[in-house]
Amino acid sequence: MAKKKILFINQEISPYVPDTNLSLMGKDLPQAMQERNHEIRTFMPKWGTINERRGQLHEVIRLSGMNLIIDDTDHPLIIKVASIQSARIQVYFIDNDDYFGKRLMEKDEQGEDYPDNGERAIFFARGVLETVKKLRWVPDIIHCQGWMSAVVPLYVKTAYHEEPSFANTKVVTSLFTQSLEKDLGTNFKKCLEFREAQAELLQNYSDNFDFIELGKLAIDYSDGIVQADSVVNETLLDYAKTKDIPLLGYQQDFADAYETFYEQLFPEEAE
């Protein structure tokens, strides 16, 4: 496969959060692609559970400072960076005092989904895409892992489709077992609107955006889907099978299979 620039947008990355299939893949997949000589960039939220001193995170002043408007409110975007020495990969963190700060991950101290999880996902998605623009880096592939990245495909194909950084980018979404328990509220569609990502594009989705609707949104605007766990949500897997896009089944030894899958997204190069 020809060398590609691959942007990984991850909900979780080990060792910054506890080990799960999602967080381990968040580290192992970028590492594997880098070892195969692809150029990578990796992003995740700066969850409040992350120990910045232990993880040696530091703010990147030249990338921070932008305000993102969500639901008519300005939210400052803070970018931090750290390196996983054992994997030799650098990780960019999207931070904001209101959405992340001292808070836990998707659930609060009582084990309940945060009511603004939808807004947090929107902020994360737009924060990553704006930062990539500032980096003047043009990814060939964007690989989204975890529900926090589920609105990225929509934005890449609509709100950012004319941006030079993303005009020709292919988007891949991975399906994992992890899910949300509560819906994202009736205000989610309004918050999601940005540039060309307008309300009429969301008419076919339920007003109460839950984990299933979020997954369908990601699938609808992706160029390829990966079953990243041996067991994933059957509704979303069946929905992906109805789409005329490549679908990669579960792969225990994933690295070579994923690289071959990426290659399928560029049939013109095989001619």
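Computed over heavy atoms, backbone and side chain alike; hydrogens, waters and symmetry mates excluded.
In this structure, H143 and Y262 have perpendicular ring planes: the angle between them is above 60°, well past the 30° mark.
Across all non-hydrogen atoms, the minimal contact from S14 to I84 is O-CD1, 3.6 Å. When all heavy atoms of V132 and S165 are compared, the pair lying nearest together is O-OG, 4.5 Å. Here the shortest heavy-atom pairing between S149 and G146 reads OG-O, 2.8 Å. The minimum heavy-atom distance linking H161 with K157 is given by the pair CB-O, 3.5 Å. Across A121 and V151, no two heavy atoms sit closer than the pair O-CG2, 3.8 Å.
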Tell me, with the steps shown, if N168 and D140 meet side chain to side chain contact (heavy atoms under 4.5 Å, CB included).
-> CA-CA 7 Å; N168 299 305; D140 299 298; over 6 Å; no
Derivation and outcome, side chain to side chain contact (heavy atoms under 4.5 Å, CB included), residues F123 and L77 | CA-CA 8 Å; F123 181 85; L77 174 62; 3.8 Å; yes
Going through the checks in order, is the side chain to side chain contact (heavy atoms under 4.5 Å, CB included) test met by L7 and T169?
-> CA-CA 10 Å; L7 170 62; T169 302; over 6 Å; no
Assess whether side chain to side chain contact (heavy atoms under 4.5 Å, CB included) is satisfied between K134 and R62, documenting all intermediate values.
-> CA-CA 9 Å; K134 278 193 172 184; R62 68 182 179 88; over 6 Å; no
Take E35 and R88 through the salt bridge (charged side-chain N to carboxylate O under 4.0 Å, His left out) test and state the conclusion after the steps.
-> CA-CA 10 Å; E35 289 173 351; R88 296 183 179 179; over 6 Å; no
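One hydrophobic cluster, built from ILVMFWY side chains closer than 4.5 Å, holds both Y239 and L201. By the rule that hydrophobic residues join a cluster once side-chain heavy atoms approach within less than 4.5 Å of another member, I245 and Y250 end up as members of separate clusters. Both L135 and M66 are part of a single hydrophobic cluster, where members link through side-chain heavy atoms under 4.5 Å apart. In the hydrophobic clustering of this structure, W137 groups with I40; members are Ile, Leu, Val, Met, Phe, Trp, Tyr whose side-chain heavy atoms approach within less than 4.5 Å, directly or through other members.
The side-chain heavy atoms of D98 and D116, taken from C-beta on, include no pair separated by under 4.5 Å.
K170 is linked by a side chain to side chain donor-acceptor pair (under 3.5 Å) to nothing, counting only residues two or more places apart in sequence or in another chain. In this structure, the ring pair (Phe, Tyr, Trp, His ring centres under 6.0 Å) partners of Y205, at least two apart in sequence or on a different chain, are F209. Qualifying side chain to side chain contact (heavy atoms under 4.5 Å, CB included) partners for N67, counting only residues two or more places apart in sequence or in other chains: D74, P76.
For the atom pair CD of Q31 and OG1 of T42, the computed distance is 10.5 Å after rounding to the nearest 0.5 Å. Summarising the geometry, atom CG belonging to D28 is positioned 11.0 Å from atom CD1 belonging to I13; distances are rounded to the nearest 0.5 Å. Between F261 atom CZ and I225 atom CD1 the span is 7.5 Å, to the nearest 0.5 Å. Rounded to the nearest 0.5 angstrom, F8 CZ and M25 CE are separated by 10.0 Å. For the atom pair K182 NZ and L184 CG, the distance stands at 12.0 Å (nearest 0.5 Å). Here the straight-line distance linking atom CD of E119 with atom OG1 of T73 works out to 7.5 Å at 0.5 Å rounding.
The number of heavy-atom neighbours closer than 6.0 Å to CD of Q252, taken from other residues, nucleotides and ligands shown, is 12 or below. Taking a 6.0 Å sphere around CD of E196, one finds it holds more than 12 heavy atoms contributed by other residues, nucleotides or ligands. Summarising the local packing, CG of N208 is surrounded by more than 12 heavy atoms from other residues, nucleotides or ligands at distances under 6.0 Å.
There is a side-chain donor-acceptor pair under 3.5 Å between S64 and E59. Judged by distance alone, the side chains of W147 and E106 never bring a donor and an acceptor atom under 3.5 Å apart. Counting only N and O atoms by type, the side chains of Q251 and Y258 include no donor and acceptor under 3.5 Å apart. Checking E259 against H38 by side-chain atom types alone, a donor-acceptor pair falls below 3.5 Å.
For the pair K4 and F266, the cation sits on the ring face: its NZ or CZ lies under 6.0 Å from the ring centre, inside 45° of the axis.
K190 and D72 are joined by a salt bridge, as a carboxylate oxygen and a charged side-chain nitrogen come within less than 4.0 angstrom of each other.
Across H75, K46, R120, a single residue satisfies side-chain hydrogen bond (donor to acceptor under 3.5 Å, both in side chains) together with Y99, and that is H75. Screening M44, Q11, E12, Q145 against S23 for a side chain to side chain contact (heavy atoms under 4.5 Å, CB included) leaves a single residue, E12. Each of D223, I142, L265 was evaluated against V172; a single residue qualifies, L265, per the side chain to side chain contact (heavy atoms under 4.5 Å, CB included) test.
Counting only distance, with no hydrogens or angles, the side chain of Q198 and the backbone of R195 share a donor-acceptor pair below 3.5 Å. The backbone N or O of R53 sits less than 3.5 Å from a side-chain atom of N51, completing a donor-acceptor pair. In this structure, the side chain of E193 engages the main chain of A199 through a donor-acceptor pair within 3.5 Å. In this structure a side-chain-to-backbone donor-acceptor pair under 3.5 Å is present from Q227 to D229. In this structure, D113 contributes its side chain and E181 its backbone to a donor-acceptor pair below 3.5 Å.
A ring-centre distance under 6.0 Å is not found for F100 and F93.
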